[in-house]
Engineer: 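One structure follows; several queries about it will come next.
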Amino acid sequence: MRRYLIAGNWKMNKTARETKSFFEELSSHLTFPTQSEILICPPFTSIPEAHRHLQGSIVLGAQNVHAKASGAFTGEISLSMLTEWNVAYVIVGHSERRTLFGETDACIHEKIKTVLQGRLKPILCVGETLEERQSKQGAFAVIERELANGLKDISAEDMRAVTIAYEPIWAIGTGETATPEIAQEMHHFIRQWLNAHCNTAVAEQVRLLYGGSLKPSNAKELLSKQDIDGGLIGGAALEAKSFAELIRIAEELSH
Ligand code: PGA
């Protein structure tokens with residue numbers, strides 16, 4: 001059985017001081033240990049503060065990394081800078097990185113390889129725009145391309161460390177959520193893709209997260225779908241209370 005992963009992507013929010021208050025409030029809402037794995041991905045500068053507050057099943061993630069180990073890359077962060085703070089996961093290819101910062105499938109693939117070589121766990125984000133969903137080619141073709149390019153030549157062994165987040169771009173930060181049926185249909189498609197391109201064991205093991213306006217009011221319906229193993233949460237992860245509520249829902253469904 002796959003364990004739920006409830007992941008907060010804070011994006012460009014929360015100073016170190018705000019991070020401290022968040023964790024203090026979060027621990028007042030939760031009883032540890034939890035059955036679900038809880039992941040917080042703060043901005044880089046708040047990672048050391050978040051690290052001080054890790055407990056129970058809470059782990060730390062980064063929102064991005066550079067593919068190279070070191071060098072003249074002004075403004076970038078390398079993998080070893082993250083491992084020093086016990087960062088376990090790295091989000092790769094978030095749609096905001098793709099659209100606002102010009103990250104291509106090739107660059108995302110390089111980052112995935114770097115993260116895997118460093119023995120951290122990449123969370124590969126895939127998702128289609130509304131126009132792509134409505135086009136003749138459709139959403140499945142977009143997701144298939146992003147999976148094939150992002151995960152090219154990754155061994156079945158390494159695939160076990162990968163998490164995939166399906167985040168329809170039309171649902172991110174818009175308040176618009178994919179219906180549980182739409183989300184499940186795409187998650188099932190991704191699992192079939194893993195089955196065909198790796199093997200059944202990998203397809204059964206890899207966790208598939210849903211992202212896009214996931215919040216306490218819609219989490220139960222989405223998380224109870226067979227192929228949805230957790231969430232990558234933006235807005236609702238910024239408030240300790242709503243994030244704790246999402247964890248509580250996952251805990252309830254784990255029983
Ligand atoms: P959202 O963001 O929950 O605010 O829609 C999700 C994400 O971008 O990962």
Side-chain angles (χ1 to χ4, degrees), residues 2 5-9 11-12 41 61 63-64 89-112 115 122-154 159 162-198 202-203 206-215 217-219 221-237:
R2 294 178 297 268
L5 175 60
I6 302 299
N9 171 16
K11 309 191 180 184
M12 199 173 72
C41 304
Q63 300 172 18
N64 186 25
Y89 287 86
V90 184
I91 299 172
V92 180
H94 189 278
S95 65
E96 284 149 20
R97 301 281 335 155
R98 292 178 191 256
T99 56
L100 304 174
F101 300 99
E103 289 196 7
T104 60
D105 277 351
C107 139
I108 288 159
H109 177 236
E110 244 196 288
K111 290 184 180 195
I112 294 271
V115 175
I123 300 179
L124 171 66
C125 300
V126 296
E128 81 286 356
T129 61
L130 193 56
E131 297 73 60
E132 286 168 332
R133 176 162 278 270
Q134 289 165 346
S135 74
K136 200 157 148 265
Q137 191 198 27
F140 295 107
V142 175
I143 303 308
E144 175 146 38
R145 191 200 67 228
E146 290 181 342
L147 291 172
N149 292 340
L151 301 172
K152 193 168 64 176
D153 301 329
I154 304 296
M159 276 302 299
V162 173
T163 299
I164 298 168
Y166 169 58
E167 301 204 299
I169 296 169
W170 45 273
I172 295 180
T174 56
E176 189 84 37
T177 322
T179 62
E181 290 68 34
I182 289 180
Q184 165 58 24
E185 185 185 35
M186 189 57 86
H187 281 237
H188 183 65
F189 174 79
I190 297 172
R191 210 172 293 288
Q192 281 179 318
W193 186 90
L194 290 170
N195 206 349
H197 291 82
C198 303
V202 166
V206 168
R207 283 185 294 193
L208 308 181
L209 311 182
Y210 169 77
S213 301
L214 187 68
K215 46 185 180 269
S217 59
N218 57 29
E221 270 194 303
L222 283 155
L223 294 178
S224 50
K225 288 291 174 197
Q226 196 185 345
D227 290 299
I228 303 184
D229 309 313
L232 184 56
I233 304 130

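Quantities reported herein were computed from a predicted structural model and do not represent experimental measurements.
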Engineer: At their closest point, which heavy atom of I172 faces which heavy atom of S95, and how far apart are they?
Structural biologist: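 It is CD1-OG, 3.3 Å.
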
Engineer: A237 and G8: which non-hydrogen atoms are nearest, and at how many Å?
Structural biologist: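 So the two residues come closest at CB-CA, 3.5 Å.
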
Engineer: Among pairs that include at least one residue of residues 162-171, which meet side chain to side chain donor-acceptor pair (under 3.5 Å), considering only residues two or more places apart or in two chains?
Structural biologist: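 The answer is H94-E167, E128-Y166, E128-W170, R133-Y166.
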
Engineer: So, R98 side chain and C125 main chain: donor-acceptor pair closer than 3.5 Å or not?
Structural biologist: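 At least one qualifying donor-acceptor pair exists.
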
Engineer: Between Y89 and I91, is there a donor-acceptor pair closer than 3.5 Å when you use the side chain of the first and the backbone of the second?
Structural biologist: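 It does not hold such a pair.
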
Engineer: Could you tell me which non-hydrogen atom of A7 sits nearest to which non-hydrogen atom of L209, and how far apart they are?
Structural biologist: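 Residues A7 and L209, closest heavy atoms: CB-CD1, 4.5 Å.
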
Engineer: Could you give me the CA-CA distance, side-chain angles and deciding distance for E103 and I108, then say whether side-chain contact (heavy atoms from CB on, under 4.5 Å) is met?
Structural biologist: CA-CA 7 Å; E103 289 196 7; I108 288 159; 3.8 Å; yes

Engineer: Tell me every residue that passes salt bridge (Lys or Arg N to Asp or Glu O under 4.0 Å) with K225, counting only those two or more places apart in sequence or in another chain.
Structural biologist: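 Partners of K225 by the salt bridge (Lys or Arg N to Asp or Glu O under 4.0 Å) criterion, ordered by chain and then number, come out as E181.
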
Engineer: Please tabulate, for the side chains in residues 183-191, all donor-acceptor contacts under 3.5 angstrom to protein atoms that are two or more places apart in sequence or on a different chain.
Structural biologist:
from	atom 1	to	atom 2	distance (Å)
Q184	OE1	D227	N	2.9
Q184	NE2	D227	OD2	2.8
H187	ND1	D227	O	3.1
H188	ND1	D227	OD2	3.4
R191	NE	D227	OD1	2.6
R191	NH1	A203	O	2.8
R191	NH1	V206	O	2.9
R191	NH2	D227	O	3.2
R191	NH2	D229	OD2	2.8

Engineer: Which heavy atom of A178 sits nearest a heavy atom of Y210, and at what distance?
Structural biologist: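 Minimum heavy-atom contact is N-OH, 3.1 Å.
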
Engineer: How many angstroms lie between SG in C41 and CD1 in I233, if you round to the nearest 0.5 Å?
Structural biologist: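 Rounded to the nearest 0.5 Å, the SG-CD1 separation comes out at 10.0 Å.
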
Engineer: Mind listing the closest non-hydrogen atom pair of G231 and L214 along with its distance?
Structural biologist: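 That would be CA-CD2, 3.7 Å.
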
Engineer: State, with a plain yes or no, whether a side-chain heavy atom of H197 is found less than 4.5 Å away from one of M159.
Structural biologist: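 SC-SC contact between H197 and M159 ruled out.
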
Engineer: Does the side chain of V162 reach to within under 4.5 Å of the side chain of P122, using non-hydrogen atoms?
Structural biologist: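 Side chain of V162 against side chain of P122, heavy atoms only: contact under 4.5 Å found.
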
Engineer: With respect to D105, which candidate in K111, R145, K152 satisfies the salt bridge (Lys or Arg N to Asp or Glu O under 4.0 Å) definition?
Structural biologist: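 So the option named by the test is R145.
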
Engineer: Can you confirm whether more than 12 heavy atoms, excluding those of E132, are under 6.0 Å from its CD atom?
Structural biologist: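 Buried by this count: over 12 neighbours within 6.0 Å.
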
Engineer: Please test T129 against V142 for side-chain contact (heavy atoms from CB on, under 4.5 Å), starting from the C-alpha separation and ending with a verdict.
Structural biologist: CA-CA 9 Å; T129 61; V142 175; over 6 Å; no

Engineer: Return the minimal non-hydrogen interatomic distance between G211 and P168, and the atom names on each side.
Structural biologist: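 That closest heavy-atom pairing would be O-CD, 3.3 Å.
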
Engineer: Roughly how far, to the nearest 0.5 Å, is the CG atom of L124 from the CD1 atom of I112?
Structural biologist: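 Interatomic distance, I112 CD1 to L124 CG, rounded to 0.5 Å: 4.5 Å.
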
Engineer: Apply side-chain contact (heavy atoms from CB on, under 4.5 Å) to residues T177 and K215 and explain how you reach the verdict.
Structural biologist: CA-CA 9 Å; T177 322; K215 46 185 180 269; 4.0 Å; yes

Engineer: What is the distance from atom CG of L208 to atom CD1 of I123, rounded to the nearest 0.5 Å?
Structural biologist: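 Taking CG in L208 and CD1 in I123, the distance rounds to 12.0 Å.
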
Engineer: Kindly indicate whether the side chain of L194, heavy atoms from C-beta on, has any atom under 4.5 Å from the side chain of I164.
Structural biologist: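 L194 reaches I164 side chain to side chain.
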
